[in-house]
Every structure is written in C-alpha cells, then in structure tokens.
Amino acid sequence: MTDDIRRNMALFPIGIVMKLTDLTARQIRYYEQHELIIPARTSGNQRLYSFNDVERLLEIKDLIEKGVNIAGIKQVLLPVSKDSEEATVLNEHSEVKRKEMTESQLHKMLKQQLFGGGNRPGQVSLIQGELSRFYQ
DNA sequence: GTTCTGACA
DNA sequence: TGTCAGAA
C-alpha cells in the first residue's frame, strides 16, 4: 500500500481544508486541541493537512451534525484497542468484563448508525440520547 | 495575503 | 463558536 503514504502526505494549509470541509478555521483548530486530528506543521508552524486528515475532519463534521460532542466523537474515532491487561486479569469475573462487552457493543452500534447506511426516523435517539448522556 | 495563538462580548 | 489583536 504505497498509496497510504500519499494519503498521509501533508499537503494543504488550513485555508484549503476549510473549503474542502466547510468547517471554520476555529473549529478545525479546536478539534486539533482535542486530538481528533494531528496535522503536520511547516517550518513556519503552519498546519499542513493530508487527505486522511481531511477525511477524518469530514467524519468529525458528520458526527457534530448528528449532535455528538467531542467526548463522544473521541469514543468513536480514537482507536479503542486497549483491553490489554484488564481482559487478562479479570477475564472470567463478571462486572468489568460485562461492562466492556456492553461498551464494545455500544461502540459497534454507534459506528453502524453513524457511518453505515442511514438512520430510520425515530431510531436516531441512541446517539443523542445514550451517547451524549455517557460522554457529556 | 494567510495563518497562528490567546482571549473574551 | 465567532471574532479580534498582534506577530510571523
């Protein structure tokens, strides 16, 4: 996949990204502060975004429009690959494991609803309801 | 002309 | 989030 290097190659300044994503510079920088995206910098401290960064911003924008806040977006966008020691130590004892199972399922459901096809009227509540209640 | 950081009606 | 200041 030498195509990845192209997508991860920092190319455009924030001005272009603004037009590409319809987000304001303020928002883009704000999301960066919350580590939703980590653009590269020029020697002059100018932000340089890659195609991947732009796609990521589009996903973020999508979630924002669906009423998800920063905390919620982090849960959905940031790699959730961190069940290392916990799963090993307490793998047969109920509570913790059961909770992770639930969160894992919730996470899956969220991704499906958020990125999968579309939402049927009346079923969108899970996002604005559950999610915002958990990560508000 | 653009972008950056910090701050605030 | 918008917007302004002051500097790069």
Side-chain angles (χ1 to χ4, degrees):
Chain A
M1 285 206 167
T2 66
D3 193 58
D4 274 24
I5 92 169
R6 267 176 246 208
R7 298 190 172 186
N8 286 309
M9 183 141 46
L11 297 172
F12 16 75
I14 200 167
I16 302 299
V17 180
M18 287 177 67
K19 295 179 180 179
L20 260 38
T21 64
D22 278 301
L23 289 171
T24 65
R26 178 74 169 78
Q27 290 177 297
I28 298 174
R29 292 173 188 138
Y30 179 72
Y31 302 149
E32 181 183 346
Q33 292 192 317
H34 289 270
E35 301 175 280
L36 264 37
I37 34 93
I38 310 168
R41 296 281 184 146
T42 65
S43 52
N45 201 38
Q46 299 270 117
R47 271 168 263 248
L48 284 187
Y49 300 83
S50 66
F51 282 88
N52 278 172
D53 292 329
V54 175
E55 286 184 13
R56 199 180 179 70
L57 281 170
L58 287 174
E59 291 186 328
I60 295 171
K61 186 200 173 195
D62 233 83
L63 296 177
I64 290 294
E65 295 178 330
K66 299 200 177 205
V68 181
N69 53 236
I70 300 296
I73 294 178
K74 284 184 182 176
Q75 297 304 309
V76 183
L77 248 40
L78 297 180
V80 188
S81 58
K82 60 136 186 177
D83 7 39
S84 51
E85 50 185 313
E86 279 189 62
T88 306
V89 182
L90 347 124
N91 78 58
E92 71 170 311
H93 293 315
S94 56
E95 277 198 81
V96 176
K97 184 176 184 180
R98 222 182 61 196
K99 185 190 176 191
E100 293 187 354
M101 272 285 285
T102 304
E103 288 188 17
S104 164
Q105 293 177 353
L106 174 62
H107 187 262
K108 185 178 180 182
M109 290 178 70
L110 287 171
K111 277 193 149 179
Q112 287 180 188
Q113 288 185 41
L114 262 26
F115 301 122
N119 296 311
R120 286 168 301 182
Q123 189 207 323
V124 195
S125 57
L126 197 164
I127 299 171
Q128 306 186 316
E130 305 293 301
L131 192 63
S132 60
R133 193 177 306 157
F134 288 157
Y135 310 119
Q136 199 172 167

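Only this structure's heavy atoms are used, side chains among them; waters, hydrogens and symmetry mates stay out. First the proteins, then the strands, lettered A, B, ... as listed; each starts at 1.
The CG-P distance, from N45(A) to dT3(B), rounds to 13 Å in whole Å. Remark: P of dT3(B) and CG of L48(A) are 11 Å apart, rounded to the nearest angstrom. Rounded to a whole Å, the CZ atom of R29(A) is 6 Å from the C1' atom of dC4(B). In this structure, I14(A) places its CD1 atom 8 Å from C1' of dT3(B), rounding to the nearest Å. Rounded to an integer number of Å, the gap from M18(A) CE to dT3(B) P is 8 Å. Here dT3(B) presents its P atom at 13 Å from CZ of F12(A), a figure rounded to the nearest Å. Between I28(A) atom CD1 and dT2(B) atom P there is a gap of 15 Å when expressed in whole angstrom units.
Mapping P13(A) and R26(A) onto DNA chain B by nearest heavy atom places P13(A) at the nucleotide closer to the 5' end.
I14(A) has its side chain within reach of R29(A): a pair of non-hydrogen atoms, C-beta onward, lies under 4.5 Å apart. Between V17(A) and D53(A) the shortest side-chain heavy-atom distance does not fall below 4.5 Å. Side chains of I64(A) and Y31(A) form a contact here, defined as non-hydrogen atoms less than 4.5 Å apart. Taking 4.5 Å as the limit, some side-chain heavy atom of F51(A) sits within range of a side-chain heavy atom of L11(A).
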Read 5' to 3' with Watson-Crick or G-U pairs under 3.5 Å, [ ] for crossing pairs and | for partners on another strand, DNA chain B gives .|||||||.

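Counting 5' to 3', DNA chain C first comes under 4.0 angstrom of a heavy atom of chain A and last does so at the ends given by dT1(C) to dT3(C).
With hydrophobic clusters built from ILVMFWY side chains whose heavy atoms lie under 4.5 angstrom apart, I70(A) shares a cluster with L23(A). Residues I60(A) and I16(A) share a single hydrophobic cluster, defined by chaining ILVMFWY side chains whose heavy atoms lie under 4.5 Å apart.
By the neighbour-count criterion of 12 heavy atoms within 6.0 Å, atom CZ of R41(A) is densely surrounded, having more than that number from other residues, nucleotides or ligands.
Contacts of G44(A) with the nucleic acid, taken as non-hydrogen atoms under 4.0 Å apart, are absent. Looking at heavy-atom distances under 4.0 Å, I64(A) makes contact with sugar-phosphate atoms alone, never a base.
No side-chain donor-acceptor contact under 3.5 Å links T21(A) to the backbone of L58(A). Judged by distance alone, with hydrogens and angles left aside, the side-chain atoms of D62(A) form no donor-acceptor pair with the main-chain N or O of E59(A) at under 3.5 Å.
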